[in-house]
Amino acid sequence: MSTQTSPPDVADVPRVTTQTLKEMKAAGVPIAMLTAYDYTSARLLDGAGVDVLLVGDSASNVMAGNETTLPMTLDQMIYHAQCVVRACERALVLMDLPFGTFQGDSKEALSSAIRVMKETGAHGVKLEGGEPVVPTVDRLVTAGIPVMGHLGLTPQSINQFGTYTVRAREEEEAEQLLEDARRLEEAGCFALVLEKIPADLGEAVTEAVDIPVIGIGAGAATDGQVLVSHDALGLTTDFNPRFVRRYANLAEQITEATQQYIEDVRNRDFPGEEESY
Ligand code: KIV
């Protein structure tokens, strides 16, 4: 008689934890992650069964209309994270440490991350960078704060890069990224995001580390995928990188619905008798 048991249905757990993500990698179950910034959307995404919700500093672009992620403050991010945490029953909720709140030194990073954990109820933080942030990751993890790393295209460094093009195409940069991934794993990151890098490098990193690797424009071999929800749902129309797949066209639906509403108001078709007291 076989004593083998089938792998637990990790995708069906009532609450996703960092441990669940580890088990999903081990069981080969791809991790679905999206961004969220507000209560109503987060409730829908969580209810639909997404594994991880990231309160990304992409809020700077899609919520605030800024060109880069740099202006986002810790207070603003904390507000968004509080809204998302209130909505979630199942998803693991992570919050980006915004630009200027963790790069100074690991002590500054720790006080930022402690604010996030105390004031939002999020389950961990994400921060951008390789080798230079290793001591910071170590300090946060030592304090009991789960940290997700972020390599490849790191939008907080846009002024250094100058463009949002694919990163690590050259061998030297690819090797550095692989080394950074290993160092972040050693420092205690529970997972990594890889943004906009060649698919074969995405695969190499995924194989080189034991922690889950979530890709955005990093090919199909990573342990999971993340998209900015506004892109995936078609709320944004002027951002069309190759890595975005649109699962809905909410921009069109919202425009049409709004036009219909305006027409109904102009024609005195709204409110009707049944909508009046
Ligand atoms: O801020 C963000 O939305 C992100 C994702 C693109 C991973 O960092």
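Note that the structure is a prediction, hence the values are computed from the model and not measured. Every number for a ligand or one of its atoms is a count from 1 in the order of the listing.
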Next on the checklist: Checking Ser41 against Asp38 for the side-chain hydrogen bond (donor to acceptor under 3.5 Å, both in side chains) test, could you report, in this order, the C-alpha distance in whole Å, the side-chain angles of both residues, the deciding distance, and whether it holds?
Outcome noted: CA-CA 6 Å; Ser41 313; Asp38 69 283; 2.7 Å; yes
Checklist entry - Do Lys126 and Asp57 sit within salt-bridge range, that is, some charged N less than 4.0 Å from a carboxylate O? => result no
Next on the checklist: For Gln176 and Glu131, which I'm curious about, is there any donor-acceptor pair between the side chains at under 3.5 Å?
Outcome noted: no
Checklist outcome for this item: From the list Thr236, Thr237, Asn240, side-chain hydrogen bond (donor to acceptor under 3.5 Å, both in side chains) partner of Asp231 resolves to Thr236
Could you give the N/O to N/O pairs under 3.5 Å linking ligand 1 and the protein, each with its distance?
residue	atom	partner	partner atom	Å
ligand 1	1 (O)	Asp57	N	3.2
ligand 1	1 (O)	Asp57	OD1	3.1
ligand 1	1 (O)	Ser58	N	3.1
ligand 1	1 (O)	Ser58	OG	3.3
ligand 1	1 (O)	Asp96	OD2	3.1
ligand 1	3 (O)	Ser58	OG	2.5
ligand 1	8 (O)	Lys126	NZ	2.9

Item to check | Pair Tyr37-Ser229, side-chain donor/acceptor within less than 3.5 Å | outcome: no
Next on the checklist: With a 4.0 Å cut-off on N to O distance, would you call Arg183 and Glu186 a salt bridge?
Outcome noted: yes
